[in-house]
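Working notes, structure below.
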Amino acid sequence: MNGLLLIEDLIIRRNKRGAIIKETDQKRLDDLRISYYKSKTEMIRAERYRCLFCDKLFVGEAYVFNHIENRHMSYVIDDVDKKFYSKLEY
């Protein structure tokens with residue numbers, strides 16, 4: 001079952017891999033990913049940002065985040081997700 005499930009007034013969701021995680025844990029994971037994206041983004045000058053994985057230039061920081069999520073997700077999974085899920089208690 002995908003999407004939101006209501007169990008004893010506690011909202012939980014399934015992530016992309018099918019694991020059920022609490023909404024508060026998903027928020028923490030999203031925050032960790034955003035800070036990781038920021039660490040892999042370099043501002044060249046006003047409205048010019050660079051992806052530090054492949055040196056591609058973008059006109060906005062949000063475009064770099066989207067690019068990293070679409071093209072370099074394996075790094076995000078290795079560096080952020082695996083560490084997060086290994087510390088997560090069910």
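What you see below is based on every heavy atom in this structure, not just the backbone, and it leaves out hydrogens, waters and symmetry mates. When a residue number appears, it is its place in the shown sequence, counting from 1.
Through direct or indirect side-chain contacts shorter than 4.5 Å among Ile, Leu, Val, Met, Phe, Trp and Tyr, L57 is connected to I44.
In this structure, S86 OG and D81 CG are separated by 10.5 Å, a value rounded to the nearest 0.5 Å. Note: Y49 OH to F65 CZ = 8.5 Å, rounded to the nearest 0.5 Å.
Contacts of R28 classified as side chain to side chain donor-acceptor pair (under 3.5 Å), with partners at least two apart in sequence or in another chain: D25.
No side-chain heavy atom of V64 sits under 4.5 Å from any side-chain heavy atom of K56. Side chains of R33 and F84 form no contact here, defined as non-hydrogen atoms less than 4.5 Å apart. Contact annotation: the side chain of K27 never approaches that of T24 to less than 4.5 Å [non-hydrogen atoms, C-beta and beyond]. The shortest distance between side-chain heavy atoms of I68 and T41 falls below 4.5 Å.
Linking Ile, Leu, Val, Met, Phe, Trp and Tyr whenever their side-chain heavy atoms come within less than 4.5 Å leaves V76 and L52 in two separate clusters.
Between the side chain of N70 and the main chain of N66, a donor-acceptor pair closer than 3.5 Å is present.
Minimum interatomic distance between C51 and F58 (heavy atoms only, all atoms of both residues): CB-CE1, 4.1 Å. Between D55 and R50, the shortest heavy-atom distance links the atoms O-NH1, 3.1 Å.
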List the steps, then state whether side chain to side chain contact (heavy atoms under 4.5 Å, CB included) holds for V80 with L29.
-> CA-CA 8 Å; V80 178; L29 178 59; 4.2 Å; yes

Report the C-alpha separation of H72 and C54 in whole Å, then their side-chain angles, then the decisive distance to 0.1 Å, and conclude whether the side chain to side chain contact (heavy atoms under 4.5 Å, CB included) test is met.
-> CA-CA 9 Å; H72 307 295; C54 64; 3.6 Å; yes

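Classified by interplanar angle (parallel below 30°, tilted 30° to 60°, perpendicular above 60°), the ring pair Y75/F53 is parallel.
At a cut-off of 3.5 Å, with distance as the only test, no side-chain donor of E61 or Y37 sits close to an acceptor on the other residue.
Salt bridge absent: D78 and K83 never bring a charged side-chain N and a carboxylate O closer than 4.0 Å.
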